[in-house]
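Below: one structure, written as structure tokens.
Every heavy atom of this structure was used, including side-chain atoms; hydrogens, water molecules and symmetry mates were not.
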Number of protein chains: 2
Amino acid sequence: MKKYESIYQDLLTKIEEHKIKAGEKLPGEFELRDYYNASRDTIRKALSLLSQNGYIQKSQGKGSIVLDINRFNFPVSGLTSFKELATSIDRKIETIVICCECIEPDEEIKHLLMLDDNTKVWYIERIRKFDDEAVIFDTDIVNADIVPSLTKEIVQNSLFDYIENKLGLKIGYAKKEITCRPVTSKDQKVLDLKNYDMLVNIASFVFLEDTTLFQYTISKHRPDKFRFSDFARRTKNTL
Amino acid sequence: MKKYESIYQDLLTKIEEHKIKAGEKLPGEFELRDYYNASRDTIRKALSLLSQNGYIQKSQGKGSIVLDINRFNFPVSGLTSFKELATSIDRKIETIVICCECIEPDEEIKHLLMLDDNTKVWYIERIRKFDDEAVIFDTDIVNADIVPSLTKEIVQNSLFDYIENKLGLKIGYAKKEITCRPVTSKDQKVLDLKNYDMLVNIASFVFLEDTTLFQYTISKHRPDKFRFSDFARRTKNTL
DNA sequence: ATGTATTTGTACGTATGTATG
DNA sequence: ACATACATACGTACAAATACA
């Protein structure tokens, strides 16, 4: 592990175990440098990570203050897959794969994923059940040139895990858009909708580190089960 | 302006004016160092900002590639006020202040803002109109010990602007949560709701740089007018 | 109100590690 | 094996904001 990462981890553990309490000041950068036998630069990288992830607030001339993490439960933000998210919740969770097939894309998909004429795509539909209620409907379109083979078992488990750890591809970034949409007849068929007539619609384009677009996902959530938490700094300059 | 900021700005301008096109590589860090007469560290800070804000993708051993900004319209994410957001949209926009008064907080608010017994709060209700339709309903609760005086004119304009530029307070960060809620009779009274029976509910706690909580805001959006865009990196380590 | 010490921020330099092609 | 490019780590000096005597 990188040195600044291990220092980050160590400080994070101390914060999470309340060895350093919320509201208290961290030791200064020079003090930490001596404590960890590191350079100030390395310390600053560790503090920068803590700041970015909402664990501390730095301010010039004063020092770094530990923030209260538990005041609200924390970021589901960022680029996490359903599998990663699921482990952090203490509910009964189940994934049902409706379909997973390699097809010829229609014009709309071809345009969205910027595909040429002989590229196929994986078309994946999955239902997420929380406590035996079908509340999330995910549709993934994956470029089959980049992910050549998929099985029900793989998408049943975790698509991201397979892409990163089995195929060795590096996922770089994603652009997401959250909106609301009226339910369709398809939604009605696969989800337990109660009387809701709208769904929260999360559309994402996922890119590899080399900037190739390889996946488009639509995740539809029943409104009462949707929650998005975010931590935002006023100035993003946590350099 | 800081040197790394001016380099960031210069590169950003070149990207936005397509002097460097999407998909192209930026010059290497050493080349940029010579070009800008800076140190490599300074260049890396500038590139780091570009990366954080979704303008480039760095990758070790390869270089930095310019991303396509215009492919989808860009982050409304982060900590921006309505006023700041409004200027970036080309619609007719109007703010109507329903009320702005200094009151004794009830128990719930006292608890949310962690107030002691003799602290008052500003209670502000505002309606946002897009193209003459009332589609957003904002309620702000502001600690009156921190913001002692407010007027209709101030909140009509921009609350954040007043707090930062007139009072000289430094806003540090915010925690937000987006959920969906059924409409209330109050919502029905102040908004043009058509037939919608749900609203998108954005609750935020806003903190100063010294970590004091000073504002709680609920922003309710009519579902068809709600849109949240996000840019997320797989690994946030843009150090 | 002033100066001094403290703390974080910026800038520069150098060396070495790691991934890519 | 080699060159290239970014990543990590060490160091120094000074600037800017803050706290306090």
>> Can you tell me the base-pairing partner of C:dT18? Count Watson-Crick or G-U wobble geometry only, both distances below 3.5 Å, and say none if there is no partner.
In response: D:dA5
> With a 4.0 Å cut-off on heavy atoms, is A:N37 in touch with a base, just the backbone sugar-phosphate, or nothing at all?
Replying inline: sugar-phosphate
> Is the phosphate of C:dA11, meaning OP1 or OP2, less than 4.0 Å from a side-chain N or O of B:S39?
Replying inline: no
> Is the phosphate of C:dA11, meaning OP1 or OP2, less than 4.0 Å from a side-chain N or O of B:K45?
Replying inline: no
> If you measure from the Lys or Arg side-chain nitrogens to the Asp or Glu carboxylate oxygens, is any gap between B:K45 and B:D41 under 4.0 Å?
Replying inline: yes
>> In the structure I gave you, are the side-chain heavy atoms of B:V121 and B:V142 within less than 4.5 Å of one another anywhere?
In response: no
>> Between D:dA7 and B:R40, counting only base atoms on the nucleotide and side-chain atoms on the residue, is there a donor-acceptor pair under 3.5 Å?
In response: yes
> More 5' along DNA chain C: B:D41 or B:F30, using each one's nearest nucleotide?
Replying inline: B:D41
> Which sits closer to the 5' end of DNA chain D, B:G28 or A:A38, going by the nucleotide each is nearest to?
Replying inline: B:G28
>> Looking only at the aromatic ring of each residue, does the gap between the centers of A:F207 and A:F214 stay below 6.0 angstrom?
In response: no
>> Under a plain distance cut-off of 3.5 Å, with no hydrogens placed, do A:N143 and A:Q215 share a side-chain donor-acceptor pair?
In response: no
Output a table of nitrogen or oxygen pairs between the protein and nucleotides 15-20 of chain D separated by less than 3.5 Å.
from	atom 1	to	atom 2	distance (Å)
D:dA16	N3	A:Q60	NE2	3.2
D:dT18	OP1	B:K170	NZ	3.2

> Just to confirm, is there a sub-4.0 Å distance from OP1 or OP2 of C:dG9 to any side-chain nitrogen or oxygen of A:R44?
Replying inline: yes
> In terms of side-chain heavy atoms, does B:R128 have a donor or acceptor partner in B:T95 at a distance below 3.5 Å?
Replying inline: yes
> Is any side-chain N or O of A:T42 closer than 4.0 Å to OP1 or OP2 of D:dC10?
Replying inline: yes
> Any Lys/Arg nitrogen of B:E29 or B:R44 sitting under 4.0 Å from an Asp/Glu carboxylate oxygen of the other?
Replying inline: yes
